[in-house]
Amino acid sequence: MKQRVAALLRDKFNCDVILEKPKDRSFGHFSTPIAFSLSKELRKSPMIIAEEIANSFGDESVFSAIESVKGYINFRLSESFLDEYASWALTHGEQFGSDDKKGTILLEFVSANPTGPLHIGHARGAVYGDTLLRLGRHLGYDMTAEYYVNDAGNQIDLLGVSLQLEGRSALLGEEVEWPEKYYRGDYLSDLAREVMEQFGEEALRDESRQKELALWAKDKILALIVDDLKAINVHFDTFVGEASLYGEWDRVMTKMGDGVYQNEGKTFIHSSDFGDDHDRVVVRDDGRPTYLAGDIIYHNQKFERGYEDYINIWGADHHGYIARVKAAVSFLGYDPEKLEVQLSQMVSLLKDGEPFKMSKRAGTVIQMNDVVEEIGSDALRFMFASKKCDTALEFDIEELKRTDSSNPIYYVQYAHARIQTLISKSEKSMEEIMGSHLHGLSADADGLLFEALLLPEIIEDAFESRQAQKLPDYLKALAAKLHKFYYDTRVIGHEDEAKLLKLLLVVALSIRTGLSLLGIEAKDRM
RNA sequence: GCGUCCUUAGCUCAGUUGGAUAGAGCAAUGCCCUUCUAAGGCAUCGGUCAGAGGUUCGAAUCCUCUAGGGCGUACCA
């Protein structure tokens, strides 16, 4: 809708025109402050320019009025345009707002280590990534959702050690000496019990079997993670394991050429060329690769698979990592601009007003699945999706557990359910509803219709700007308009009943479509 | 110290590539069910957009500095 208006104006002025929605609807549907920017060039006052421009439009079927007010040019869309657009939306159903954008995008997100269940911080990245995925696919992009599994390195060794110690301590009652770093938590006790049943008590004591147990446990934990994600409607297309990549190592090193160098028996990467504080070690002097090495081969593999764009969603604690990986991508001969890294800031928790520190090793994490059990996937997703992800988010655990009406997801769902109720109570046939024309609507009804028809541009804006929170914000605003309209207007028995129901069908469509892009199913009844 | 993200109502957060009177939810106070679901609506209260300068017709938004906070600054992941 906005695109259509913008295109009209672009033809007229030969340049892109800023279009905005006036806060005060009496100013029309769209407005532009273009006269202000033209005034310097034309040496005329904005008011006069706006007046001239407004008068220069002939009869456009799209607009019913074009007025200049205090230098702004305000456009009012015509009823026939809005009605046509609404009918078009209704016949397209949940494809409303879809597009045929071209491009292949590899989206990597979550990628949590398979050493424990997902905690609440991971959930934010998962929700953000999955929302982007749904938005991008709706717009037509060919997107692949990928999970990078760190199944090599120290943390896997640590997992093996932790598993054995947990088993010996909790199950066998032995006094064990805990190392400085180790994992703990209920999931480890469960796994240790399984080890006992499946491999016998000896497996918990035999240090030579640590690696074997770690690899076994890693798969079990990854399965747990996948289940956790499934519970919030997050699904991945591909999983790439770090360990599976090391066969490529020599080739990748050669490919990086002068990007890497040897010093004191170690291999370094010239990451300082890309703004990193200093060059980083990729291979230690004992030949063991560092964490960065895995990411280098992984990104090489990603680029060799030939996507047009790459989006990584990382926790904010990895931000120092961007320069290093971009350096590697560049040394490998690819354009680092194609790799876009979105950081999802920390989620910090308060408990009774006091900061609550989470530590995976100390076992004081808030697990995602516990929260999902308390408040449900819909509320969790809606809450995380509502916050832009580059701000640290703070919330009280107790507050998050609340399931009363203060939760905005109920507000939006209720709006949809109210419309469904009206549709089912009305005796108007679908033919009659669809056949009616949205002419002569009240100002409130017109505002509601216009808001509902904004969905496509919200979707596009939310995805292209990577600001997923724009969608839930929009849904809340649309629901608010609906609730007000519902209160003010008794639809059943209204002389324009069919017409109003058509309007409400558009609203329901936008809510339903918007929610599904958030991984939430709209409710017909509450 | 350096890098980076941030600071908007009592709390949690929005604020459209700089635009018309800075918004919502929660909390607080008071109204509205013989009205299609009150999981709702209306009203009131609440702001030096951290502070100071600058650019501009116009700044919460852009630039500089200052203060405060998160994260990073590992041959951990």
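Order of the sequence lines fixes the chain letters, A, B, ..., with proteins taken first and strands second; residue numbering starts at 1 for each chain. The analysis underlying the following values was restricted to heavy atoms, covering all of them including side chains, and did not include hydrogens, waters or symmetry mates. As the structure is a computational prediction, the values presented were derived from the model and not from experiment.
- Using a 4.0 Å heavy-atom distance criterion, A/Gln469 is classed as a sugar-phosphate-only contact.
- Nucleotide B/rU7 forms a Watson-Crick or G-U wobble pair with B/rA67, both donor-acceptor distances falling under 3.5 Å.
- Closest non-hydrogen pair, A/Leu455 versus A/Ser510, comes out as CB-OG, 3.7 Å.
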Readout for nucleotides 2-9 of chain B: B = base within 4.0 Å of protein heavy atom, S = sugar-phosphate only, - = neither; 5' to 3' it is -BSSS---
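- Note on A/Arg280: only backbone sugar-phosphate atoms sit closer than 4.0 angstrom, heavy atoms only; bases stay farther off.
- Salt bridge A/Lys481/A/Glu451: present, at least one basic N to carboxylate O contact under 4.0 Å.
- At the heavy-atom level, A/Ser31 lies under 4.0 Å from base atoms of the strands shown.
- Base pairing annotation: B/rU44 forms a Watson-Crick or G-U wobble pair with B/rA28, both donor-acceptor distances under 3.5 Å.
- Donor-acceptor pairing under 3.5 Å, judged by distance alone, is absent between the side chain of A/Thr290 and the base of B/rA77.
- OP1 or OP2 of B/rA77 sits under 4.0 Å from a side-chain N or O of A/Asn154.
- In this model, the phosphate group of B/rA38 is approached by a side-chain N or O of A/Arg418 to a distance below 4.0 Å at OP1 or OP2.
- Every residue was checked against the salt bridge (charged side-chain N to carboxylate O under 4.0 Å, His left out) condition with A/Glu67, not counting sequence neighbours, and none meets it.
- Heavy atoms of A/Lys425 sit under 4.0 angstrom from primed sugar atoms or phosphate atoms, though from no base atom.
- Taking every heavy atom of residues 478-494 of chain A and every atom of RNA chain B, pairs under 4.0 Å involve A/His483, A/Lys484, A/Tyr486, A/Tyr487, A/Thr489, A/Arg490, A/Val491, A/Ile492, by number.
- Here the C1' atom of nucleotide B/rG19 and the CG atom of A/Asn74 are 12 Å apart, to the nearest Å.
- The residues A/Lys211 and A/Asp157 are annotated as salt-bridged, a charged nitrogen and a carboxylate oxygen being separated by less than 4.0 angstrom.
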